Amino acid sequence: MKRQWWHDKVAYQIYPKSFMDGNGDGIGDIQGIRSKLDYLKELGIDILWLSPIYQSPFIDQGYDISDYYRIAEEFGTMEEFDLLLEETKKRGMYLVMDLVVNHCSDRHEWFQKALADPYGPYGDYFYFRKGKDGNPPSNYRSYFGGSTWEPVPGTDLYYLHFFAKEQPDLNWENPKVRQEIYKMINWWLDKGVAGFRIDAIINIKKDVNFPSYEPDGADGLVHCTKMVENVEGVDEFLEEMKRETFQKHQAFTVGEVFNMKEGALEEFIGDEGHFSTMFDFSAHQIGQGKHGWYDARPVEFKEGRDTLFASQKETEGIGFKSNIIENHDEPRGASRYLPDYARNETGKKLLASTMLLLRGLPFLYQGQEIGMTNWECPDVSQYDDISTKDQYQEAIQAGCTPEQAMKACRENSRDNARTPMQWSAEEHAGFTKGTPWLTVNPNYTEINVEEQETREDSVLAFYRKLIALRKSDALREIFTYGETIPAYEDQEKVFAYFRSLNGGAKILVAGNYGTEAVTLPLPEGKGTLLLSNTEREAQLQKQLEKEGQITLQGLEGAVLLLEQG
Ligand code: GLC
Ligand code: CA
């Protein structure tokens, strides 16, 4: 594999609306982000990914862009952005933007012109089709519920939207659209951004005949991804985009790729792949409901472990995936992956150590580093997220009681991760001096940055140590390029693996997710403790020396450098 500048980096996702409010209007902004750069640097972050900051009506929180060349007023000005970019670079960090090009906003000039004249040149920027026998052109259900086809008033036409009706899909078959997109990407790259996180990208290739499929739900519709799975040819678009843009700038790209065809990994993230890397969502997808959040099922520990190992193995000779515990679309990892008895600082540190030392780029999501948790939202009316509102209705329609529907939302809502960042125990968690746009999680008085800064044993302090370990001169190479070898799989509640470089130096990462102690004999009988999530480091080291094994208490984790015999 060719070495790339980004291989050994650690990334952090900022959700701008909820990160830090600089001007007191209750909405996070660029000025706020700038004020926290030193905090991020100290945490050990190299790459910052900003969720969309472009001009937008915010129907889907900025994933509906009305002007790709402007900064949303809510977030600041282009001057402020330039300053942020400069300040980021000064600190040796890289700025990565969100690239949302499957769709734009219905307020975008292109769509406004298209609506005014669907048969004119801009009509072909989107997918306008005639209905069939008084019905929409096909029976697809959108990601946010309801048909993907929205009637155009005063005509017999519909337009296609895979997400909200305010997010019309762009017609990638039209070369003019592709050129517009490439021009825009290059404009940002010329400005000096390091690359892009690429949104919902698998959806850009459509079967332009828009065939209907067998319904998969009581609404008579079928999820639009059915068509995506059945169409060929996304590769040509992705290759062209790369050639025309990223490649020329050696940009870093991370794809949000769902529904990839089997065996296509190399085409996506191999040396000559479409992207630098893509997110590993494998663990997040297990247990997902067939029809929605309400029919999700609990995930067995072993299933999660097997899934992650399989993904590591699949990726090894090919490239690098990007590993996440959570993001702005997922619930908080501490609430999702930790059993009740582990929802404490020890459990959160354990989760961090076993996840961040896997092979692949760690992507942290804001607040993860202090162990922020899901939001016990009291009432559905308090949710802001479009998807949560839809999922609540889906649940009700499927016969759930309001309480059951709320439970599904509390567990899965995207707003779990979107509540404001908890900086301090001050009013509104120190996020804003105004009224926050979304409720602050009431647990901010206990879980916040300021408090954790004062403690050596905080989750934040642990994340700092963990990242520093991963990036340390002595171990950077093995943590970056070493293979992952599953270990102690016969232990039911242990998530453990070796990282090994060319069969040489070896590291053991071991976490006991159970409540009972487990003893793990070391292969060569010798090792040095590098890090643990408990206060028992001295004891563990002593035991290692005396017995050539370690006993991990419930929720204890350890990272060891193994000596070769
Ligand atoms: C991606 C984004 C999500 C957004 C969707 C539509 O999945 O992560 O937040 O709603 O694309 O752009
Ligand atoms: Ca603000």
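These numbers were taken from a predicted model, which means no experiment stands behind them.
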**Pairs involving residues 320-330, ordered by first then second residue, that meet side-chain hydrogen bond (donor to acceptor under 3.5 Å, both in side chains) (sequence neighbours left out)** = Q13-H328, Y63-H328, T277-S322, S311-K321, E314-K321, T315-K321, E326-R332, D329-R414, D329-R418, E330-R336

**Heavy-atom closest contact (E563 atom, T528 atom, distance)** = OE2-OG1, 3.8 Å

**Request:** Name all pairs fulfilling the side-chain hydrogen bond (donor to acceptor under 3.5 Å, both in side chains) condition that reach into residues 502-514, sequence neighbours left out, sorted by first residue then second.
**Result:** T354-Y513

**Item:** Under 3.5 Å donor-acceptor, Q422 side chain and A429 backbone
**Value:** no

**Results of side-chain hydrogen bond (donor to acceptor under 3.5 Å, both in side chains) for H428 - residues two or more places apart only** = none

**Item:** Contacts of N23 that satisfy side-chain hydrogen bond (donor to acceptor under 3.5 Å, both in side chains) - sequence neighbours left out
**Value:** none

**Request:** Would you confirm whether Y12, through its side chain, and F363, through its main-chain N or O, come within 3.5 Å as a donor-acceptor pair?
**Result:** no

**Item:** Test: E545 and K542 ion pair at under 4.0 Å
**Value:** no

**Request:** Using side-chain hydrogen bond (donor to acceptor under 3.5 Å, both in side chains) as the criterion, list what pairs up with E451, not counting sequence neighbours.
**Result:** R455

**Item:** K36 to W423 six-membered ring, cation-pi geometry met (6.0 Å, 45°)
**Value:** yes

**Request:** Give a yes or no answer on whether the side chain of Q312 reaches the backbone of T484 with a donor-acceptor pair at less than 3.5 Å.
**Result:** no

**Prompt:** Does a salt bridge link E453 with R464, judged by any charged N lying under 4.0 Å from a carboxylate O?
**Reply:** yes

**Request:** Could you note down all residue pairs passing side-chain hydrogen bond (donor to acceptor under 3.5 Å, both in side chains) where residues 264-274 supplies at least one of them, sequence neighbours left out?
**Result:** K2-E272, D235-H274, E239-H274

**Message:** Check this for me: does any side-chain nitrogen of one of E86 and R91 sit under 4.0 Å from a carboxylate oxygen of the other?
**Reply:** no

